[in-house]
Amino acid sequence: MSDFGILVGRVEGAVDLPRLLEEVGETLGVRLREMPEGSRRFWGELGDHRVYVNDEFDVNGVDEPTEPYQSHPYEIIVDSADDVAGKSIAVRLYEAMKGSGEYQLILLNEGLFLGSTHFPEEEW
């Protein structure tokens with residue numbers, strides 16, 4: 001079992017959290033709910049898989065974030081017991097978001113670099 005993650009920033013301006021949640025939900029067909037109330041952490045179930053959207057500043061308690069977290073304040077996590085299915089879900093979401101041209105994205109597997117729309121692998 002491994003987690004696949006997508007670090008999310010915007011090409012221009014700040015990430016609009018409600019819009020991000022809507023896009024993730026529509027792309028994957030999942031309803032995201034806040035956990036706990038006011039935490040800026042969200043989750044939803046997609047069959048046997050869970051999808052989380054976290055505000056990196058809030059979740060990791062970082063006062064002065066460094067790159068890439070400074071320019072990618074949100075993380076989407078696909079948690080699945082099936083690595084093939086988890087990767088498939090994460091890549092489908094990554095490609096859909098990449099196609100919009102709105103986001104700067106970094107695709108990870110257990111913290112290992114898998115790809116990015118803009119961030120050089122050698123800087124990871």
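Reckoned from all heavy atoms, side chains included, excluding hydrogens, waters and symmetry mates.
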Worksheet item: For Arg33 and Phe42, what are the C-alpha separation, side-chain angles and deciding distance, and is it a side-chain contact (heavy atoms from CB on, under 4.5 Å)?
Response: CA-CA 5 Å; Arg33 299 176 292 282; Phe42 302 83; over 6 Å; no

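Looking only at side-chain heavy atoms (C-beta outward), Asn54 and Tyr74 stay at 4.5 Å or farther from each other. At least one side-chain heavy atom of Thr117 sits less than 4.5 Å from a side-chain heavy atom of Tyr94.
If you take CZ on Phe113 and CG on Leu107, they are separated by 8.5 Å, rounding to the nearest 0.5 Å. Taking CG from Leu105 and CG from Leu93, the interatomic distance works out to 8.5 Å, rounded to the nearest 0.5 Å. Of the inter-residue distances, the one linking Lys87 atom NZ with Asp82 atom CG reads 12.5 Å to the nearest 0.5 angstrom. Atom-to-atom distance recorded for Asp79:CG and Asp48:CG is 11.0 Å, nearest 0.5 angstrom. Within the model, atoms CG of Leu32 and CD of Glu45 stand 11.0 Å from one another, a figure rounded to the nearest 0.5 Å. Here CH2 of Trp43 is found 4.5 Å from CZ of Arg50. Values are rounded to the nearest 0.5 Å.
Here the shortest heavy-atom pairing between Gly29 and Leu46 reads O-CD1, 4.2 Å. Taking every heavy atom of both residues into account, Thr27 and Ala96 meet most closely at CG2-CB, 3.7 Å. Across every non-hydrogen atom of Val24 and Val51, the tightest pair is CG1-CG1, 4.2 Å.
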Validation: residues 4-21 side-chain donor-acceptor distances under 3.5 Å, sequence neighbours left out:
residue	atom	partner	partner atom	Å
Arg10	NE	Glu12	O	3.2
Arg10	NH1	Glu102	OE1	2.9
Arg10	NH2	Glu12	O	3.4
Asp16	OD1	Arg19	N	3.2
Arg19	NH1	Glu22	OE2	3.3

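Here the rule is side-chain hydrogen bond (donor to acceptor under 3.5 Å, both in side chains) with Tyr103, and of His72, Glu23, His118 only Glu23 fits it.
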